[in-house]
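See below for the structure under consideration.
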Amino acid sequence: MSYPVRRFDAVIVGGGGAGLRAALQLSKAGLNTVVLSKVFPTRSHTVAAQGGISASLGNVQEDRWDWHMYDTVKGSDWLGDQDAIEFMCRRAPEAVIELEHMGMPFDRVESGKIYQRPFGGHTAEHGKRAVERACAVADRTGHAMLHTLYQQNVHANTQFFVEWSALDLIRDAEGAVVGVVAMEMETGEVYILHAKAVLFATGGAGRIYASSTNAFMNTGDGLGMTARAGIPLEDMEFWQFHPTGVAGAGVLITEGVRGEGGILLNCNGERFMERYAPTVKDLASRDVVSRAMAMEILEGRGCGKNKDHVLLKLDHLGADKIIEKLPGIREIAINFAGVDPIKDPIPVVPTNHYMMGGIPTNYHGEVIAPQGEDYERIVPGFYAAGECACASVHGANRLGTNSLLDLVVFGKSAGDSMIEYIQSHQEHRPLPENAGEFTRARLERLENQTGGENVDQVRNDLQRMVQSHAGVYRTDALLKEGVEKVFEIAERVKRTEIKDKSKVWNTARLEALELDNLIEVAKATLVSAEARKESRGAHASDDHPERDDANWMKHTMYHADTNSLTYKPVHTKPLTVDYIEPAKRVY
């Protein structure tokens, strides 16, 4: 065995909302749990979530979990699994109240109950009117959640390996996951972390795009490791573009701005969303608003000297409301757009934001690797939760504020599943004799490569290619060319060289390893998107403008070892209620 071994009951890779919520369950159950995080946990990307977490509390006006479920199914464009969606929406109120009892400082209404604001796609009575469902901490909800969960984990004595990077999964001869190979970033030392159960909560992979609201650390590490371990990736063609990223910077402007009454304007001063979504206007689902904005720009009604963005107006809300409810947004607008929203509108453009696909799981957080007609084949000892996972509750398009809900509901569910599994497996499964050798070969290639490709250049070429070939609008020709180009870039990734061969705090080495993960995500994205001949949710094809339920109401499963796709059916049977029949998606 090539590397030192450390043993734990549970290894969690990722210190964001999902990882911390799962860790809390495990540590409170008395299990020896460690959380690996590339950054200090409270700097995980959950901290960037602004607008809120959804739950049908009904604190402002009547709301019900089945209305929330309907909105989520509709938002998913009927690609979401209705059993998982019911599970999440039913548990939402309990999850939010748990956070409140942990000390999360939610905003309050006059009665003292948790404040709730409207959000895109949130409706009452199955789409008849907008409803206040987003529970918020001003415009820093993710920040408050992350700090709350971290403090709870400190109290529960969870162990943290901070500034560690997981490199590869370890599976035994039976296919069970028995640990990970990981690197301590400060020293460059590599270890095998032997575990009874492993959870991936590694977040998104938005850095395959040139313009993204994602942090630079969001390089799809969990997905890359999963793909290399022979487990397929699900629905990777579906990437959400948030309607309001700061033009030229990509920094997120929460949908909560529009929930509080902000409106989108074109160069003529027209509130154009009234034409695209006459019922809920600026609070339509994200893919609808993003495409409407892109259409305004394409048809010459964009703003600025290059007519390449639209404007988000909120000065009419008044200085007091902006300062109270949207202080972080004002700060972002001043710092990144050079405008004070109390006086002037913010220039915004659709920006890559969220990955609906990911590591296939059920609603218990167990990773599944379909084989043939066995669509529910579980990978023993392996779990995933959060943005890196695909339960699938978001389907073809995520409803705003369901991301934070996803983290805590499925983080807790995965933690509970891991407890049951670990308690039924008192001994560690043995490590295979060659554990760590695959990682050693990857590292040796990087160390020994000479005269190879520059990591930064290859990554930049990859990001620009994905941005231009798999953006808001797609065509058969663009996607076909994109598939060819992504495999050309994949060959270049194999030839990347790191110039600085030192191991201690070698960021170039880490970036090269992250590029190995980015290319797996990009291949899955382009191959899956090129195959889907319809428009559904975030996947909008000019050549196939209609949704095709007869042929394409199914999940794509990308297999990295063969660069091929298989398919599995959508779960159309909810847990207790009637199936929500497909309908035309209008707002």
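Predicted, not measured: the structure shown is a model, and the values here were computed from it.
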| query | Roughly how far apart are Asp308 CG and Cys303 SG, rounded to 0.5 Å? | reply | 9.5 Å
| task | Check step by step if side chain to side chain contact (heavy atoms under 4.5 Å, CB included) holds for Glu546 and Ser535. | result | CA-CA 5 Å; Glu546 299 300 321; Ser535 287; over 6 Å; no
| Is any NZ, NE, NH1 or NH2 atom of the basic residue among Asp542 and Arg474 found under 4.0 Å from an Asp or Glu carboxylate oxygen of the other? | no
| request: Considering only NZ, NE, NH1 and NH2 on the basic side and carboxylate oxygens on the acidic side, decide whether Glu132 and Arg117 come within less than 4.0 Å. | output: no
| said: Any donor-acceptor pair under 3.5 Å linking the side-chain atoms of His68 with those of Glu86? | reply: no
| Heavy-atom pair of closest approach, residues His394 and Tyr354 | NE2-OH, 3.3 Å
| So, Thr279 side chain and Ala277 main chain: donor-acceptor pair closer than 3.5 Å or not? | no
| task | Taking the side chain as every heavy atom from C-beta outward, state whether Ile359 and Cys390 have any pair of such atoms under 4.5 Å apart. | result | no
| said: As a test of understanding, state which of Phe410, Tyr383, Phe382 forms a ring pair (Phe, Tyr, Trp, His ring centres under 6.0 Å) with Phe200. | reply: Phe382
| said: Regarding Asp456 and Arg459, does a basic nitrogen lie under 4.0 Å from an acidic carboxylate oxygen? | reply: yes
| Got a second to check how far Asp168's CG is from Met225's CE, nearest 0.5 Å? | 7.5 Å
| query | Is it true that atom CG of Asn268 has more than 12 heavy atoms of other residues, nucleotides or ligands lying nearer than 6.0 Å? | reply | yes
| request: Using a 4.5 Å cut-off on heavy atoms from C-beta on, say whether the side chain of Val393 contacts that of Val409. | output: no
| From Arg536 CZ over to His544 NE2, what is the distance, rounded to the nearest 0.5 angstrom? | 14.0 Å
| task | Kindly determine whether Leu326 and Val257 satisfy side chain to side chain contact (heavy atoms under 4.5 Å, CB included), including the steps that lead there. | result | CA-CA 7 Å; Leu326 304 166; Val257 171; 4.1 Å; yes
| field | Exercise: do Thr576 and Arg90 side chains pair donor with acceptor under 3.5 Å | value | yes
| message | Taking the basic N atoms (NZ, or NE/NH1/NH2) and the acidic carboxylate oxygens, is any pair closer than 4.0 Å for Arg532 and Glu534? | response | yes
| request: Given side-chain hydrogen bond (donor to acceptor under 3.5 Å, both in side chains), test His353 with Thr213 step by step and report yes or no. | output: CA-CA 5 Å; His353 180 58; Thr213 65; 2.7 Å; yes
| message | For Lys480, I'd like to know if atom NZ has over 12 heavy atoms of other residues, nucleotides or ligands within 6.0 Å. | response | no
| Can you name the one residue among Lys494, Lys523, Arg442, Arg228 that meets salt bridge (Lys or Arg N to Asp or Glu O under 4.0 Å) with Asp516? | Arg442
| request: Check the pair Met293 / Val348 against side chain to side chain contact (heavy atoms under 4.5 Å, CB included), numbers first and verdict last. | output: CA-CA 9 Å; Met293 291 169 65; Val348 292; 3.9 Å; yes
| request: Return yes if a side-chain donor-acceptor contact under 3.5 Å exists between Asp139 and Gln50, otherwise no. | output: no
| task | Verify whether one side chain among Thr566 and Lys554 offers a donor that lies under 3.5 Å from an acceptor in the other. | result | no
| task | Determine the minimum heavy-atom distance between Arg291 and Gly537, stating which atoms define it. | result | NH1-O, 2.9 Å
| task | Verify the distance criterion only: is there a donor paired with an acceptor across the side chains of Trp67 and Thr123 at less than 3.5 Å? | result | no
| Does any N or O in the side chain of Asn362 come within less than 3.5 Å of the main-chain N or O of Glu366, such that one atom is a donor and the other an acceptor? | yes
| Any side-chain donor paired with an acceptor under 3.5 Å for Ser54 and Asn402? | yes
| request: Compute whether any side-chain donor of one residue and acceptor of the other, for Tyr558 and Glu237, lie under 3.5 angstrom apart. | output: no
| Backbone of Glu270 reached by a side-chain donor or acceptor of Asn266 within 3.5 Å | yes
| Can you find a pair of side-chain heavy atoms, one from Gln467 and one from Gln463, that are under 4.5 Å apart? | no
| Should the pair Lys568 and Tyr375 be classed as cation-pi, given the thresholds of under 6.0 Å to the six-membered ring centre and 45° from the axis? | no
| said: Checking the side chain of Trp239 only, and the main-chain atoms of Gly357 only, is there a donor and an acceptor separated by less than 3.5 Å? | reply: no
| query | Is the shortest heavy-atom distance from the side chain of Val521 to the side chain of Met236 under 4.5 Å? | reply | yes
| said: Does this structure show an ion pair linking Asp461 with Lys485, if we count only N-O contacts that are shorter than 4.0 Å? | reply: no
| query | Is Lys74 positioned over the aromatic face of Tyr587, cation under 6.0 angstrom from the ring centre and no more than 45 degrees off axis? | reply | yes
| Any sub-3.5 Å donor-acceptor pair from Thr401's side-chain atoms to Gly52's backbone N or O? | no
| Are the charged groups of Arg301 and Glu296 less than 4.0 angstrom apart, N to O? | yes
| task | Go through the steps to decide whether Phe241 and Tyr209 satisfy the test ring pair (Phe, Tyr, Trp, His ring centres under 6.0 Å), and finish with yes or no. | result | CA-CA 11 Å; Phe241 283 74; Tyr209 285 86; 5.5 Å; yes
| note | OG1 (Thr361) and CG (Asp81) are apart, to the nearest 0.5 Å, by 9.0 Å
| When you measure from the side chain of Ser76 to the backbone N and O of Val73, does any donor-acceptor pair fall under 3.5 Å? | yes
| Can a donor-acceptor pair be found between the side chains of Ser541 and Asp543 at a distance below 3.5 Å? | no
| For Val466 and Leu526, which heavy atoms make the closest approach, and how far apart are they? | CG2-CD2, 4.3 Å
| field | Considering all heavy atoms, the nearest Ala136-Gly51 contact | value | CB-O, 3.5 Å
| task | Decide, yes or no, whether a salt bridge links Arg133 with Asp63 under the criterion of side-chain N to carboxylate O below 4.0 Å. | result | yes
| query | For Asp235 and Ser528, what are the C-alpha separation, side-chain angles and deciding distance, and is it a side chain to side chain contact (heavy atoms under 4.5 Å, CB included)? | reply | CA-CA 7 Å; Asp235 288 345; Ser528 301; over 6 Å; no
| So, does Lys313 use its side chain to make a donor-acceptor pair with the main chain of Gly262 at under 3.5 Å? | no
| field | Steps toward ring pair (Phe, Tyr, Trp, His ring centres under 6.0 Å) verdict (Trp552, Tyr567) | value | CA-CA 10 Å; Trp552 286 103; Tyr567 299 91; 5.7 Å; yes
| query | For residues Asn397 and Gln240, is any side-chain donor paired with an opposing acceptor at under 3.5 Å? | reply | yes
| task | Name the orientation class of the two ring planes belonging to Phe119 and His122 (parallel below 30°, tilted from 30 to 60°, perpendicular beyond 60°). | result | tilted
| query | Between the main-chain N or O of Gly75 and the side-chain N or O of Ser285, is there a donor-acceptor pair closer than 3.5 Å? | reply | no
| field | Closest contact, heavy atoms only, Arg495 versus Glu491 | value | NH1-O, 3.4 Å
| query | Would you find a donor on one side and an acceptor on the other, under 3.5 Å apart, between the side chain of Asp282 and the backbone of Leu264? | reply | yes
| query | Tell me, do Asn454 and Thr496 make a side-chain contact under 4.5 Å, heavy atoms counted? | reply | no
| task | Please report the shortest heavy-atom distance between Ala414 and Gly365, naming the atom on each side. | result | CB-CA, 4.0 Å
| said: Under 3.5 Å, is there a donor on one side chain and an acceptor on the other for His242 and Asn352? | reply: no
| Carboxylate-amine/guanidinium contact Asp77 Arg547, below 4.0 Å | yes
